[in-house]
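Below is one structure, written out as structure tokens; comments come after it.
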Amino acid sequence: MADPQLKEKVEELIAANPVLLFMKGTPDAPRCGFSMRVVQVLETMNVDYGAIDVLPALQPLREVTTEIADWQTFPQLYVNGELLGGADIVEEMFDSGELAEALGVDQPAEAPQAAPTAPSGPPQQSPPLQIE
Amino acid sequence: MAADLAELKAMIEAALPGAEAEVSDETGTGDHLLAVVRAPQFDGLSRIDQHRLVKAAVKERFDDGAIHALSVKTDVAR
């Protein structure tokens with residue numbers, strides 16, 4: 001069973017962040033290819049998002065997400081409080097335009113890039129969130 | 001223990017009657033797999049729920065460590 005305090009913290013974060021990514025590593029330094037792919041899609045969409053590095057508390061967080069979303073693997077992208085999916089689903093939904101719809105943004109013309117170029121505007125990315 | 005691709009296919013097709021599943025080994029190491037599943041049960045479900053059905057079908061093989069990562073692609077059979 002998941003740690004109730006951690007579960008409450010996670011639920012608060014999901015409620016407080018309309019777009020929240022649980023990932024291995026950070027957006028600047030992803031430590032898993034699947035996490036990196038979701039970061040690339042989000043950067044391409046140019047949306048604000050919160051990111052949580054799950055590696056410091058991988059197993060406790062796995063227990064939490066199993067309880068709240070019936071999903072054990074990371075990355076996990078939550079949009080407006082609901083789990084949208086992991087890397088496969090996020091990429092499929094990006095390709096089909098469903099992701100832009102879910103995020104309430106326009107579908108970008110460009111495809112996600114392997115090495116994202118610096119955005120011309122102000123940085124969109126939120127600082128990494130910390131789980132105690 | 002390496003994953004048995006034929007067994008995984010059978011587990012998915014047994015859990016989702018009428019489904020067609022193809023399970024392949026993406027890396028050749030037996031632990032990063034791809035399942036392409038076409039099932040009538042997916043009709044009307046979100047992608048996450050479609051993937052949940054597939055993962056639930058092979059949960060035992062995650063639990064015993066035979067599978068480390070399973071990519072899933074789903075399609076609605078009509």
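Residue numbers begin at 1 in each chain, while the letters A, B, ... track the order of the sequences.
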- Item | Which portion of B:Lys55 sits near chain A, non-hydrogen atoms under 4.5 angstrom | side chain

- Item | All ring-ring contact (aromatic ring centres under 6.0 Å, His included) counterparts of A:Tyr78, not counting sequence neighbours | A:Phe22

- Message: Under 4.0 Å between a side-chain nitrogen and a carboxylate oxygen: does that hold for A:Lys7 and A:Asp3?
- Response: no

- Message: Can you tell me which portion of A:Leu84 sits under 4.5 Å from chain B's heavy atoms? Options are side chain, backbone, both or neither.
- Response: backbone

- Which residues from residues 101-109 of chain A are near chain B, with near meaning under 4.5 Å between non-hydrogen atoms? none

- Item | Nearest-0.5 Å distance, CG of residue A:Asn17 to CG of residue A:Asn80 | 11.0 Å

- Message: Need one label for A:Ala87: side chain, backbone, both or neither, based on atoms under 4.5 Å from any heavy atom in chain B.
- Response: neither

- Taking atom CD of A:Gln5 as the centre, report whether more than 12 heavy atoms of other residues, nucleotides or ligands fall under 6.0 Å from it. no

Which atom pairs, donor and acceptor, lie under 3.5 Å between side-chain atoms of residues 90-98 of chain A and protein residues at least two apart or in another chain?
| residue | atom | partner | partner atom | Å |
| --- | --- | --- | --- | --- |
| A:Glu91 | OE1 | A:Arg37 | NE | 3.2 |
| A:Glu91 | OE1 | A:Arg37 | NH2 | 2.8 |
| A:Glu91 | OE2 | A:Arg37 | NE | 3.1 |
| A:Glu92 | OE1 | B:Arg47 | NH1 | 2.2 |
| A:Ser96 | OG | A:Glu92 | O | 3.3 |
| A:Ser96 | OG | A:Met93 | O | 3.3 |
| A:Ser96 | OG | A:Glu98 | N | 3.3 |
| A:Ser96 | OG | A:Glu98 | OE2 | 2.5 |
| A:Glu98 | OE2 | B:Arg47 | NE | 3.1 |
| A:Glu98 | OE2 | B:Arg47 | NH2 | 2.6 |

- Mind checking what makes side chain to side chain contact (heavy atoms under 4.5 Å, CB included) contact with A:Thr66, not counting sequence neighbours? A:Gln72

- Query: Do the charged groups of B:Arg61 and B:Glu7 touch, with an N to O distance under 4.0 Å?
  - Reply: yes

